[in-house]
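This report concerns only the one structure given below.
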There are 2 protein chains.
Amino acid sequence: MIRQNIKVAVDAVVFGYKDRKLNVLLIKRNIEPYKNSWALPGGLVLEDENLEQAVERELKEETNVTIDYLEQLYSFGNLGRDPRNRVVSITYFALVKPEHHKIKADTDAKDVAWFNVQELPELAFDHQIIFDKAKERLQNKLTYEPIGFDLLENKFLFSDLEKLYMTILEKQIDRRNFRKKILGFGILEELEEKVSEGRGRPANLFKFNKKQYFKLKDEGFFFDIK
Amino acid sequence: MIRQNIKVAVDAVVFGYKDRKLNVLLIKRNIEPYKNSWALPGGLVLEDENLEQAVERELKEETNVTIDYLEQLYSFGNLGRDPRNRVVSITYFALVKPEHHKIKADTDAKDVAWFNVQELPELAFDHQIIFDKAKERLQNKLTYEPIGFDLLENKFLFSDLEKLYMTILEKQIDRRNFRKKILGFGILEELEEKVSEGRGRPANLFKFNKKQYFKLKDEGFFFDIK
DNA sequence: GCAAAAGTGTTCAACATACACCCATGT
DNA sequence: ACATGGGTGTATGTTGAACACTTTTGC
């Protein structure tokens with residue numbers, strides 16, 4: 001086998017939806033290069049762990065977050081990404097329910113924080129490019145897979161779902177048509193509970209019926225929101 | 001930086017369309033492990049080349065093919081993929097016009113051949129999984145990007161396009177609706193030339209107008225074939 | 001003249017879009 | 001009683017799906 005010394009890393013773009021804003025989880029680097037810069041959480045893969053395990057370990061170590069949804073995004077491995085070494089980074093796309101985790105800096109990270117995706121700081125390495133790709137993936141995926149529910153609480157208001165779509169897709173959506181469409185899918189459970197948010201008419205709580213979704217999907221149903 | 005000895009490779013799933021069949025390019029391995037097994041072309045990345053360059057080099061070396069369309073597919077890097085070493089393989093999805101290349105085995109490859117995707121031999125390593133993922137990508141992509149034209153000659157019959165879609169999507173398509181739809185896009189040029197295939201009414205030749213496609217795309221047009 | 005492939009239009013159903021008023025609550 | 005957000009239906013246009021006959025050529 002030829003001699004080759006390329007390092008293999010994983011990095012994750014972790015999205016969370018909080019206060020009606022789309023956020024991404026960043027760490028402040030505690031080591032060179034790019035010390036004190038904000039960056040995506042990630043790091044080198046250990047020799048005896050799978051790639052997804054590496055992502056989960058790094059997230060746990062650096063941010064104390066555990067993931068609700070994880071998928072591979074893209075791999076970046078061209079020359080000159082890292083001033084020290086050739087590094088191939090296999091990047092992941094993750095969704096969490098931010099309320100469920102107390103983020104906390106630890107190994108290699110001086111600080112951890114959620115950033116509104118509209119107000120990102122400058123990112124280390126080529127992480128801005130990775131982030132852009134992840135955001136694009138999120139926007140696309142939201143329209144053809146029910147991943148929005150991984151960003152909301154288990155029980156949510158219909159208006160939350162609607163606002164989430166408008167925020168992430170960055171466009172206006174007609175409330176009536178959206179509701180008609182989603183409810184028509186038959187993958188939401190309408191709960192008895194109502195929530196009064198202070199003012200206005202109390203709203204119904206809904207739950208995503210994942211089992212029903214997979215059943216319908218097996219039968220040929222296709223989730224699709226324009 | 002921690003010690004880590006993981007090798008980085010690229011592998012390519014190269015599709016070609018010939019004789020109304022979808023084919024994939026395989027090599028017969030000349031070295032252990034899996035010596036004499038059929039496998040996807042690929043190999044370790046050199047330290048001073050980018051990933052796409054590695055793919056192109058390996059394809060040139062092993063099969064003498066140059067590529068019309070190339071995109072990254074997925075990365076496989078879990079434990080136990082290769083009995084020798086931990087190897088992370090960044091896989092690519094490629095399309096070629098098979099008539100344009102004389103395939104020829106060379107470095108590390110004892111033989112090269114096009115295989116009908118319906119009649120694949122057993123593949124080395126986890127290459128069957130990689131192939132499955134590529135085929136899925138091809139089927140999906142065919143419906144929302146005009147990549148079918150990268151599998152046909154520059155000038156083609158409408159019936160070729162139609163058969164290509166039916167072959168790859170593995171389903172029947174209504175000739176009239178299909179033609180109406182595609183021609184309605186306004187991205188094909190109807191040439192004056194006609195071709196007589198021996199029997200039946202001679203057919204018109206068409207050309208994909210790539211420039212026009214990108215123009216329309218910029219204006220918000222979306223290629224979409226159900 | 002017949003076999004083979006090319007070319008072409010219409011009808012119907014399903015879905016997307018646009019759009020405005022009433023309801024239940026808190027203050 | 002008014003401000004706030006929740007909940008709902010209809011009409012219209014667009015798109016997808018189904019479907020069969022005529023044309024041009026080779027033999």
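Below, each value reflects all heavy atoms present in this structure, side chains not excepted, and no hydrogens, waters or symmetry copies. Naming convention: chains lettered A, B, ... in sequence-line order (proteins, then strands); numbering from 1 in each chain.
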Original post:
Between dC19(C) atom P and Ile173(A) atom CD1, what is the distance in whole Å?
Top reply: 17 Å
Original post:
Has Arg201(B) got a side-chain N or O lying under 4.0 Å from the OP1 or OP2 atom of dA4(C)?
Top reply: no
Subject >> Spacing of Leu191(A) atom CG relative to dG7(D) atom P, expressed in whole Å >> reply: 12 Å
Original post:
Quick one: is dG6(D) close enough that its OP1 or OP2 comes under 4.0 Å of any side-chain N or O from Ser159(A)?
Top reply: yes
Original post:
Reckon Lys180(B) touches a base, only the sugar-phosphate, or nothing at all at heavy-atom distances under 4.0 Å?
Top reply: base
**OP:** Send over the distance from Asp224(A) CG to dT17(C) C1', rounded to a whole Å.
**Re:** 15 Å
Subject >> Atom-pair distance (NZ on Lys226(A); C1' on dA18(C)), nearest Å >> reply: 17 Å
**OP:** Starting at atom CD of Gln172(B), determine the distance to atom P of dC19(D), rounded to an integer number of angstrom.
**Re:** 14 Å
**OP:** Decide yes or no, distance alone: a donor-acceptor N/O pair under 3.5 angstrom between the base of dG7(D) and the side-chain of Arg176(A).
**Re:** no
Original post:
Given the rule in the salt bridge (charged side-chain N to carboxylate O under 4.0 Å, His left out) test, do Glu119(A) and Lys21(A) qualify, once you have shown the distances and angles that lead to the verdict?
Top reply: CA-CA 11 Å; Glu119(A) 299 159 8; Lys21(A) 297 268 194 279; over 6 Å; no
Original post:
Does the side chain of Asp106(A) come within less than 4.5 Å of Glu61(A)'s, by heavy atoms?
Top reply: no
**OP:** Could you tell me whether the side chain of Arg175(B) has a donor or acceptor atom within less than 3.5 Å of a complementary atom in the base of dG7(C)?
**Re:** yes
Original post:
For dC15(C), does OP1 or OP2 lie under 4.0 Å from any side-chain N or O of Lys181(A)?
Top reply: no
Original post:
What is the distance, rounded to the nearest whole Å, between atom CZ of Phe178(B) and atom P of dA18(D)?
Top reply: 16 Å
**OP:** Mark yes or no for a side-chain to base donor-acceptor pair under 3.5 Å between Asn204(B) and dA6(C), with no hydrogen or angle criteria applied.
**Re:** no
**OP:** Hey, which sits more toward the 5' end of DNA chain C by its nearest nucleotide, Phe206(B) or Arg199(B)?
**Re:** Arg199(B)
Original post:
Tell me: CD of Glu197(A) to P of dG26(C), nearest whole Å?
Top reply: 12 Å
Subject >> Step-by-step ring pair (Phe, Tyr, Trp, His ring centres under 6.0 Å) determination, Tyr74(A) to Phe76(A) >> reply: CA-CA 7 Å; Tyr74(A) 198 80; Phe76(A) 296 84; 5.1 Å; yes
Subject >> Pair Phe156(B) and Phe149(B), ring centroids less than 6.0 Å apart >> reply: yes
Original post:
Given that Ala203(A) and Asn177(A) both sit by DNA chain D, which one's nearest nucleotide is further toward the 5' end?
Top reply: Ala203(A)
Original post:
What nucleotide, of dG6(D), dT8(C), dT24(D), holds the atom closest to the side chain of Arg179(B)?
Top reply: dT8(C)
Original post:
Just how far, in rounded Å, is C1' of dG5(D) from CE of Met166(A)?
Top reply: 12 Å
Subject >> pair Leu40(A)-Thr91(A): side-chain heavy atoms closer than 4.5 Å >> reply: no
Subject >> Upstream residue (5' side of DNA chain C) when Asp174(B) and Leu157(B) are each assigned their closest nucleotide >> reply: Leu157(B)
